[in-house]
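See structure below.
Note that ligands are numbered from 1 as they come in the structure, with each ligand's atoms numbered from 1 the same way. Along the sequence shown, residues carry numbers from 1. Because only heavy atoms are used, hydrogens play no part in the values below, and waters and symmetry mates are left out as well, while side chains stay in.
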Amino acid sequence: MLHVESLRLEFGGVVALRDVTFTVEKDEFFAILGPNGAGKTSLFNCLSGLVRPAGSIKVDGTELIGRKPHEIADLGIARTFQNLGLFGSMTVAENILVGSHLQIRGGALSAAFRWPATFSSERRARARADELMELMGLREYRDLVVETLPYGIRKRVEIAKAVASGPQLLLLDEPVAGMNHEETEAFVDFVLELKQRLGLTIVMIEHDVAMVMRIADRILALDFGETIGLGTPDQIQRNERVIAAYLGTVDGSQTPALLSMEEATSE
Ligand SMILES: Nc1ncnc2c1ncn2[C@@H]1O[C@H](COP(=O)(O)OP(=O)(O)OP(=O)(O)O)[C@@H](O)[C@H]1O
């Protein structure tokens, strides 16, 4: 469904992405891994229309480069951000309604819940928000103000807001950053269930190597804007360039990332 070809992005003299090419199939859980400054956020910014790279990004044959972020959203591509993209002083339900733009399209959600076509847009948006809160375990938080909630719950609300518009492709930017172990475990179960229920294709940036190895169907590993590995978790954890990128400390000692990669592989 997503075809990225020969993507190149420069900031002045800095090459943030260099000839990056990959394909994501429908229903795949695809992860982008890489050390700080590898180009992960730049790649997401290209996918969501915030920067204009050279090359090609096609979703079901439609070129995204040159389109504005809202046009890309209208093509069924939703994104979350590293810093929560929520209105803190609004309730959970209000945030999710903002995400739906009170605009209903025949997307995965409509299909999943078989809403009658006779519903008014607003009633359908409210019905969708309620269904989403039920599905995402947020019903008890419905009328609570977002900034009063624990981080793990707020992250859920952010994802509910992103999927409220009925996207087919969801881009998750470091979704478990700032979560403790229990929150991360709960998040993994939650996102896998959501993916299945809504028929989503997911592309995720994540630093938590063990989590990526467990959850992703395939992984793109970047370093200094270049592809150093592309394959299944099994192939990535045996890839010498990926291991070297995570071993790149001055004294040769292992980084936490590599240690967690070993933990992931020994499970
Ligand atoms: N707006 C910008 N102006 C100049 N250079 C930039 C800009 N955005 C990113 N870069 C540079 O591009 C390179 C890739 O950065 P990017 O933020 O995409 O990496 P990242 O893998 O997302 O890193 P992190 O994990 O720290 O978020 C880095 O060298 C960064 O300094």
Side-chain angles (χ1 to χ4, degrees), residues 2 4-22 24 29-57 64-69 72 77-86 151 155 158-159 162 169-180 183-184 187 191 202-216 218-231 233 236-237 239 241-250 254-261 264:
L2 173 66
V4 174
E5 207 174 319
S6 306
L7 211 62
R8 184 179 176 87
L9 182 70
E10 286 183 42
F11 295 102
V14 179
V15 182
L17 294 169
R18 194 186 302 263
D19 197 25
V20 174
T21 296
F22 63 94
V24 179
F29 204 127
F30 190 88
I32 299 166
L33 199 61
N36 288 338
K40 305 178 299 295
T41 305
S42 296
L43 177 53
F44 256 32
N45 288 344
C46 294
L47 295 177
S48 44
L50 296 175
V51 292
R52 189 173 181 151
S56 170
I57 304 173
L64 300 191
I65 295 178
R67 288 179 195 270
K68 298 197 167 61
I72 292 177
I77 300 160
R79 172 182 180 172
T80 66
F81 288 85
Q82 273 173 39
N83 302 318
L84 292 159
L86 291 172
Y151 184 79
K155 202 74 206 175
E158 193 197 5
I159 292 172
L169 176 61
L170 177 63
L171 308 175
L172 296 175
D173 194 347
E174 294 197 30
V176 302
M179 287 191 194
N180 61 33
E183 285 174 331
T184 300
F187 178 82
V191 85
I202 296 182
V203 179
M204 174 180 78
I205 294 176
E206 189 46 67
H207 271 295
D208 185 332
V209 183
M211 190 271 222
V212 167
M213 292 292 164
R214 203 146 62 84
I215 202 172
R218 283 190 311 132
I219 297 165
L220 168 72
L222 293 175
D223 196 19
F224 295 111
E226 252 184 90
T227 301
I228 57 169
L230 177 61
I236 290 293
Q237 70 207 13
N239 180 311
R241 288 184 77 189
V242 176
I243 294 168
Y246 278 93
L247 261 174
T249 53
V250 177
Q254 293 181 335
T255 63
L258 183 75
L259 290 173
S260 56
M261 192 189 282

Check ligand 1 for N or O atoms under 3.5 Å from a protein N or O and list each pair with its distance.
unit_1	atom_1	unit_2	atom_2	d
ligand 1	18 (O)	Ser42	N	2.9
ligand 1	18 (O)	Ser42	OG	2.6
ligand 1	19 (O)	Gly39	N	3.1
ligand 1	21 (O)	Ala38	N	3.0
ligand 1	21 (O)	Gly39	N	2.9
ligand 1	21 (O)	Lys40	N	2.9
ligand 1	21 (O)	Lys40	NZ	2.8
ligand 1	22 (O)	Thr41	N	2.7
ligand 1	22 (O)	Thr41	OG1	2.6
ligand 1	23 (O)	Gly37	N	2.8
ligand 1	25 (O)	Asn36	OD1	3.3
ligand 1	25 (O)	Lys40	NZ	2.8
ligand 1	25 (O)	His207	NE2	3.2
ligand 1	26 (O)	Asn36	OD1	3.4
ligand 1	27 (O)	Thr41	OG1	3.4

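Panel note: side chain Thr227, backbone Val20; no donor-acceptor pair is recorded below 3.5 Å.
Residues passing the side chain to side chain contact (heavy atoms under 4.5 Å, CB included) test with Val24, sequence neighbours excluded: Leu2, Phe22, Glu28, Phe30, Thr201, Val203. The side-chain hydrogen bond (donor to acceptor under 3.5 Å, both in side chains) search around Arg8 returns Glu10, not counting sequence neighbours. Applying the salt bridge (Lys or Arg N to Asp or Glu O under 4.0 Å) test to Asp223 and every residue at least two apart in sequence or in another chain returns nothing.
By the 4.5 Å heavy-atom criterion applied to side chains, Leu9 and Asn45 are not counted as neighbours. Between Ile205 and Leu43, every side-chain heavy-atom pair lies at or beyond the 4.5 Å cut-off.
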